[in-house]
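Reviewing the structure listed below.
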Amino acid sequence: MSDEDAKRAFMQQQLAQLRGDFLRRLPERMREIELNWNALTEQWDSEKVEVMHRDIHTLIGTSGTFELMELSRGARAFERLIKLQMEFDEAPSPELLATMRKSLGQVLKLARQTLQDHEQALSEQQPELPPRAVQPEPERVRVPLVFLVEDERAQAELLASQLGQFGYEIVVFNDLPSMLAELPNRRPHVVVMDIVLPNCKEAQVFSLARQFIEQKVPVVAISGKADFATRLAAARVGMAGYQTKPIDLISLVNRLDRLTNRVPEAPYRVLIVDDQRAVATYHAAVLEQAGMRVRTEMNPLQVMAVLDEFSPDVIVSDVYMPSCSGIELAAVLRQQEVFDHIPIVFLSGEQDVDKQISALGFGADDFIVKPIVPERFVSAISARAQRARTLSAVMTHDGLTGLLNHKNIKAGVDKEFSRGLRGSSPVVIALIDIDHFKSVNDTHGHPTGDRVLRGLAHLMRQRLRSTDYIGRYGGEEFLVVLPDTTLEAAEKVLNQLREAFACLLYQGEQGEFSATFSAGVAQTCNYPDSGSTIKAADEALYAAKEGGRNQVRVAKS
Ligand SMILES: Nc1nc2c(ncn2[C@@H]2O[C@H](COP(=O)(O)OP(=O)(O)OP(=O)(O)O)[C@@H](O)[C@H]2O)c(=O)[nH]1
């Protein structure tokens, strides 16, 4: 069974299980609705009508979610009559009452029929082994193999050694025949090729690129040509990138990282708020199958506590809930700046477009009508989550380097400092400052200086762990928080980073050059608060500069 089939089968199994739970509780639910109706006909009361409306509305959504469409449609017909009646604040006329009674009778009949059909289906079912749950994991290559085809030998060797610093294995070929000869032995993850090669027509290069692409090996073009026609030809064969010479190393590395999945995006986090456990569990299962992390909360009053701890990218909320409606929940969250940016998507059986639009006015971002097919639900939520991530990254990250900005790296220090106090695992803070950076700017120009900053940022992102915090603390100063790390281990990691950084070569206004950095490290448990730890790391950094730069110093405790 392919992964896709296994996923689908798993979803079906989950759906069947949840539908079973729903049906088991259906008789009780219908009894409550019937009792409420009987009480209503004895004495009409607007509060009881509201309860009746909520119960019927929930029945429409839940039965629709579980593909019990007849029941859902029957309940919707009854809901229309209730809504009609709710518009007049008085007992219904005898005619309307009779119509309502008949419609409810139809709903009860449909519920009984649905249960009978389910029991019949169960008795005919063959036992089956439950399929395996599949969590999609993007393939992650540790050291991706890159074939680099470049006829200018010196340039090729330089590019290969630079890419090597970013964890790629590079095999250089100076012409196409030598690469073709190697192909039977090794298959690259990506091919980077100059599209202007001696003794070779451009059409041949593109034709070869097309063959790689057809075999799922992405190809990135490098070229001295920047004209539209050549770029178009590369795009037409499906090349995954086009870099003009002189090659911007960081932009090439960014491209390769994406193509080889080396910096996978953390899964989207979604909070589902729904008082119906079965509905929440079903939608959670759909999103989890698509690789998202999901938390469900049945009580809207608990949502704020969950937000603090879970930090979702998106909130998916039901609209009709007894203790607090989705609209009220949205209004409360929008009062608070910290939660204001989290998109809220209503998931409801409400089909009245006016009501949907008015719900959006209270601070929700989207309205999805239940039932929704799983694929559409997944794409609607991932699109929201992706957009929310992009916007939040703009707020929390530095525009030049993509690292956490000053405010957020400081928040990271505070958070890990407190965590370090609670636990026994050590936390190390490092301050890193590029050496003689003023002279880099003065000699090679500010844009080149920017490239050096981006180079160090990229190297740190690649070399440090995903649990580490990396931020731009000031102009050419970076701050790193390394949780669960001893001082010795931190010193070693930073020295490796320092050596790799010193190997990078940049093309500046006055020719080629490299840069170095100095760093100071301090362990949080040696200091009373986060500010004193940063100060100690800063003093160690100062000692590293005084000691001749291009070195890592540990703070004296
Ligand atoms: N290109 C570029 N330069 C920046 C940026 N932010 C700060 N700088 C420059 O970084 C330089 C920092 O220089 P200094 O603090 O004098 O220190 P230094 O030259 O690095 O010398 P040492 O730290 O003592 O090794 C200044 O020239 C700033 O203008 C930036 O975003 N881009």
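As the structure lists them, so they are numbered: ligands from 1, and atoms in each ligand from 1. Note: hydrogens, waters and symmetry copies are ignored here, and every other heavy atom, side chains too, is used. This is a predicted model, so every value here is computed, not measured.
When hydrogens are left out, the protein atom nearest atom 17 (O) of ligand 1 is Glu476 OE2, 3.7 Å; that is the closest non-hydrogen contact. Protein heavy atom in closest approach to atom 7 (C) of ligand 1: Gly475 CA, 3.5 Å. At the top of the distance list for atom 18 (P) of ligand 1, counting protein heavy atoms only, stands Phe437 N, 3.4 Å. The single protein non-hydrogen atom nearest to atom 13 (O) of ligand 1 is Lys438 CB, 3.7 Å, given as residue, atom name and distance. The nearest heavy-atom contact from the protein to atom 24 (O) of ligand 1 is Arg549 NH2, 2.9 Å. The protein non-hydrogen atom at the shortest distance from atom 23 (O) of ligand 1 is Lys545 NZ, 2.8 Å. For atom 32 (N) of ligand 1, the closest non-hydrogen atom of the protein is Asp450 OD1, 2.7 Å. At the top of the distance list for atom 31 (O) of ligand 1, counting protein heavy atoms only, stands Arg472 NH2, 2.6 Å.
Of the possible donor and acceptor atoms, none in the side chain of Asp274 sits under 3.5 Å from a partner among the backbone N and O of Asp318. Here the side chain of Thr230 pairs no donor or acceptor atom with the backbone of Ala226 at under 3.5 angstrom.
A tilted orientation is assigned to the rings of Phe517 and Phe501, their planes being inclined by 30° to 60°.
Side-chain N/O atoms of Ser518 and Asp435 include a donor and acceptor closer than 3.5 Å. Side-chain contact, Ser425 with Asp484: a donor N or O sits under 3.5 Å from an acceptor N or O.
Where the criterion is an N or O separation shorter than 3.5 Å, residue side chain and backbone included, Leu400 fails it with respect to ligand 1.
Each of the following atoms of ligand 1 lies closer than 4.0 Å to a heavy atom of Gly449: 1 (N).
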Review point. Could you go step by step and tell me if Arg553 and Gln551 meet the side-chain hydrogen bond (donor to acceptor under 3.5 Å, both in side chains) rule?
Key: CA-CA 7 Å; Arg553 286 283 177 99; Gln551 56 191 273; 3.1 Å; yes
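Under the ring-ring contact (aromatic ring centres under 6.0 Å, His included) criterion, Phe339 pairs with no residue at all, not counting sequence neighbours.
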